[in-house]
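Model, not experiment: these values are computed from the prediction.
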Amino acid sequence: MNFLIDGEIPFQELKNYPIDYTTNFTNTTLLDSKSGEELPVYLEAGQHTLSLAISIDPIKDTIEEIEQMLGEIQALSLELTNLVGPNVDRNRDIDVEMFIPGVTDLLISWADQLNRMYEDIKIYNPEVAEIGAVSSLTISEKQLRSMAKDVDKLIVRKNELSTGTNSITAYLGNLLQEINNNGLSIDKLYFYQDKKDIPKSKNFLSKQYSKVERLFKSFGDQDYSVKSVDKNHLQVWVNRPRQYVEIMQQLIDEQFTPETGIKVDLSLMPDQNKLILANAAGDAPDVALGVNYALPFEVAIRGALVDLSEFADFEEVSARFPKGLHIPATVQGGVYALPDTMNFWVLFYRKDILNTLDLKVPDTLDQVRTYLPELQRKGMNFFYPTAGMPGMKTFAGTMPIIYQNGGEFYGESIGRTQLNENASIEGMRQLTDLFTIYNTPYEVPSFYQQFRDGSIPIGISDYFMYNLILNAAPEIANSWDIALMPGIENEAGEIERWSAGGAESNIIFQDTNKKDESWEFLKWWSSTEIQVSFGNILQTTYGEEYIWNTANVEAFNGLPWKTSHKDVILAQTDWLTEVPRVPGSYMLERELSNAYNSVVLDGENLRTAIDLASKRINRETFRKLEEFGFMKNEEIIELYENPESNFK
């Protein structure tokens, strides 16, 4: 731990100061490590700033050695795969030393290196026989020595190097993650000259009283409950965890209310799917934040939401977000939601493996196809998002290649689907060919795990996978990167990279008597300054895995993401869009998935599957258009405009 006064460490003893491990709250007085005396800190009159920073300087060299070793072990594992291929014959003997000279000495040198690291760390806690926190070093050492004794079995045991869940790289990677997550909880800081000034710890009876008090309070109204409201305040339901809401309320109390005079009560949303029922019962809030991006259409078409495009400064506010994110919330020219967060689909690739195979990062889907034979010859493959969608294939998996081929699902108005037009059929053909002809896996239970172990070193995935790999795969921290989604080159020579991106949205209910106040709140919440502040506070408070994927493009650029990754993601937002949410669009998504499954899994003819899907989609679309008053007796009364036409 480093202790800083006004941004500087006042003397050497406060640099890398050790804090003893304990499971309970204890009073710790800073002491001189040599004399054992209390460390005095002299301050001049006036205000001063105390900063505390966790330091890993004492084990920095060890961490760097582990990271280097991880890369070397992964390189050896790949070399073994190149030697014997993906399928190992357990009955075949191979002289590994002949093909990979010096491999035995290499394994022993790694084991010796791990032993030395462990001994170096033991000096920080010499009183215990074994340090459990770094037991991964000793486990990995034993595995390496066991392999070195019978190196010819290394082919059979290569999963123990880097591709198994109990592999050496898994142990060392988890160790890196645990070391970097070595947190410290601080309740209070005391500055004193006399020890008598330090408050005494609570006695047994006081602690028991506090427990009983908490028990009785748990039966009353909880913080951020939808019942604990003041009708004179703006009521905002938030579809997010409590820790998010607490930060939001803090920002509101410190900035929004003082600036506007509008008081806001935040409540944890009980169930976003009951918002329609709450509105019908007259219990809906003024504003709802963080609802699924597809929900606003369902509520708006029933007349329950405010058309945000009616506000004078809507165009200015809407420009904060990618145009394609407004499509799902557009109903007959009106826009009934503002995007809150966005998803993104990009190409993930293992730099170490592609470099070994001498493959460049693919820019188009055609290049991906040319890579597949080389990858499959090495027992590897490519991941396409539909392989990670069990059963139902959502628009995020089926739409991109269709749009990249110039296909569309609807024309200028909603009616008969254009799924069976040539461009759309060509997109579906290219999508299904990936699995039926080019042999990419049509079902991948965990792209994260297979990307981590190198069996699928390249694939397309989204924000959630990015967060997972970034924070839960430390053993490949320097071995992977992201790139723009591979697309299809059009006649003009431009590569179209269309992808989905909907996540959560914010809405205002029609029954509110505070429309202007609600709009002011949405403008404030979606502003660049507030989104950057919220993202920074969230990540600083709860950790690196709480990365905020705001839909405000300018704010996203100001958040603490890796700069090179931000550049890729922001470039991909130029191609971000969504399939319109219109009457019957759920049937389009379902039948598109059914057509995909029938071709890939059942081997049916593509055109036959598309024709059958189109008939079902059209029938359901007409039924829903009639339900909402756009058709009567199979005749169009009012055209339902395709929302995409507003944003082209």
Side-chain angles (χ1 to χ4, degrees), residues 1-2 15-19 21 53-80 100-126 128-149 151 154 157-183 350-353 355-356 451-454 457 469-481 544 562:
M1 175 73 72
N2 290 333
K15 182 178 181 181
N16 300 328
Y17 187 90
I19 303 293
Y21 173 78
I54 293 177
S55 172
I56 57 173
D57 283 353
I59 55 173
K60 180 182 177 182
D61 292 340
T62 300
I63 293 174
E64 291 177 349
E65 283 189 70
I66 293 174
E67 290 176 343
Q68 182 180 354
M69 185 180 294
L70 283 170
E72 294 172 356
I73 292 173
Q74 288 163 353
L76 176 60
S77 179
L78 184 59
E79 196 169 353
L80 291 170
I100 308 178
V103 66
T104 304
D105 293 338
L106 182 60
L107 295 175
I108 293 174
S109 69
W110 284 339
D112 292 341
Q113 190 176 357
L114 290 174
N115 179 266
R116 178 181 53 76
M117 291 182 202
Y118 183 79
E119 293 299 324
D120 290 344
I121 290 178
K122 277 188 68 175
I123 65 174
Y124 298 109
N125 196 0
V128 298
E130 295 184 5
I131 302 178
V134 291
S135 60
S136 296
L137 294 176
T138 56
I139 294 172
S140 300
E141 178 194 352
K142 291 176 181 177
Q143 278 187 256
L144 288 169
R145 295 196 190 281
S146 173
M147 292 176 183
K149 287 181 180 178
V151 75
L154 190 59
R157 300 178 63 184
K158 68 185 182 74
N159 285 351
E160 295 181 38
L161 279 174
S162 69
T163 57
T165 54
N166 294 319
S167 65
I168 293 171
T169 56
Y171 279 119
L172 296 181
N174 290 334
L175 174 61
L176 286 180
Q177 189 174 14
E178 290 170 4
I179 289 175
N180 287 308
N181 290 339
N182 189 15
R350 287 282 298 272
K351 295 186 293 184
D352 53 341
I353 295 177
N355 288 339
T356 300
F451 184 79
R452 187 180 180 182
D453 65 32
I469 295 174
L470 184 69
N471 293 292
E475 74 276 15
I476 59 170
N478 299 315
S479 302
W480 67 279
D481 210 339
E544 294 184 359
K562 187 176 179 179

Practice task
Test side-chain contact (heavy atoms from CB on, under 4.5 Å) on W480 and L470 and set out the steps.
Solution key: CA-CA 9 Å; W480 67 279; L470 184 69; 4.0 Å; yes
Exercise for the section: State, yes or no, whether a side-chain contact exists between Q74 and S479 at a heavy-atom distance under 4.5 Å. Expected result: yes
Problem - Validation row: L70, L176 side chains within 4.5 angstrom (heavy atoms) - result: yes
Problem - Residues E160, R157: salt bridge by 4.0 Å N-O rule - result: yes
Handout entry: Criterion side-chain contact (heavy atoms from CB on, under 4.5 Å) on L107 and L154, from CA distance to verdict
Key = CA-CA 10 Å; L107 295 175; L154 190 59; 4.3 Å; yes
Practice task
May I ask you to say whether R350 pairs ionically with D453, meaning some side-chain N is under 4.0 Å from a carboxylate O?
Solution key: no
Handout entry: Note: D120-R116 ion pair, threshold 4.0 Å (strictly below)
Key = yes
Exercise for the section: To the nearest 0.5 angstrom, please state how far the CD1 atom of I469 sits from the CD1 atom of I476. Expected result: 6.0 Å
Practice task
Take atom CD of E72 as the centre, draw a 6.0 Å sphere, and report whether it contains more than 12 heavy atoms from other residues, nucleotides or ligands.
Solution key: yes
Exercise for the section: Compare all side-chain heavy atoms of L175 with those of V134 and state whether any distance is below 4.5 angstrom. Expected result: yes
Handout entry: Side-chain donor or acceptor of N2 paired with backbone N/O of N16 under 3.5 Å
Key = yes
Problem - Nearest-0.5 Å distance, NZ of residue K142 to CG of residue N115 - result: 11.0 Å
Practice task
Return yes if some donor-acceptor pair links the side-chain N/O of S77 with the main-chain N/O of I73 below 3.5 Å, else return no.
Solution key: no
Handout entry: Gap separating the CD1 atom of I59 from the CD1 atom of I66, nearest 0.5 angstrom
Key = 8.0 Å
Problem - side-chain contact (heavy atoms from CB on, under 4.5 Å) between L172 and L137, intermediate numbers included - result: CA-CA 7 Å; L172 296 181; L137 294 176; 4.1 Å; yes
Practice task
Mark yes when over 12 heavy atoms from residues, nucleotides or ligands other than K15 sit less than 6.0 Å from its NZ; otherwise mark no.
Solution key: no
Handout entry: side-chain contact (heavy atoms from CB on, under 4.5 Å) assessment of M69 paired with M117
Key = CA-CA 12 Å; M69 185 180 294; M117 291 182 202; 4.0 Å; yes
Exercise for the section: Check the pair K562 / D481 against salt bridge (Lys or Arg N to Asp or Glu O under 4.0 Å), numbers first and verdict last. Expected result: CA-CA 11 Å; K562 187 176 179 179; D481 210 339; 5.3 Å; no
Handout entry: Student check: side-chain heavy atoms of K149 and T104 closer than 4.5 Å
Key = no
Exercise for the section: Answer yes or no: is there a donor N or O on one side and an acceptor on the other, between the side chain of S140 and the main chain of S136, under 3.5 Å? Expected result: yes
Problem - Where A111 and E141 come nearest, the two heavy atoms and their spacing - result: O-CG, 3.5 Å
Fill in the blank from the handout: Output for pair (L76 CG, W110 CH2), nearest 0.5 Å, gives 4.5 Å
Completion exercise
Between P474 and N174, the two heavy atoms sitting closest are CG-N, 4.3 Å
Exercise for the section: Would you give the length of the straight line joining atom CD1 of I100 to atom CG of L106, rounded to the nearest 0.5 angstrom? Expected result: 9.5 Å
Problem - Distance, nearest 0.5 Å, that separates CD1 of I139 from CG of L144 - result: 12.0 Å
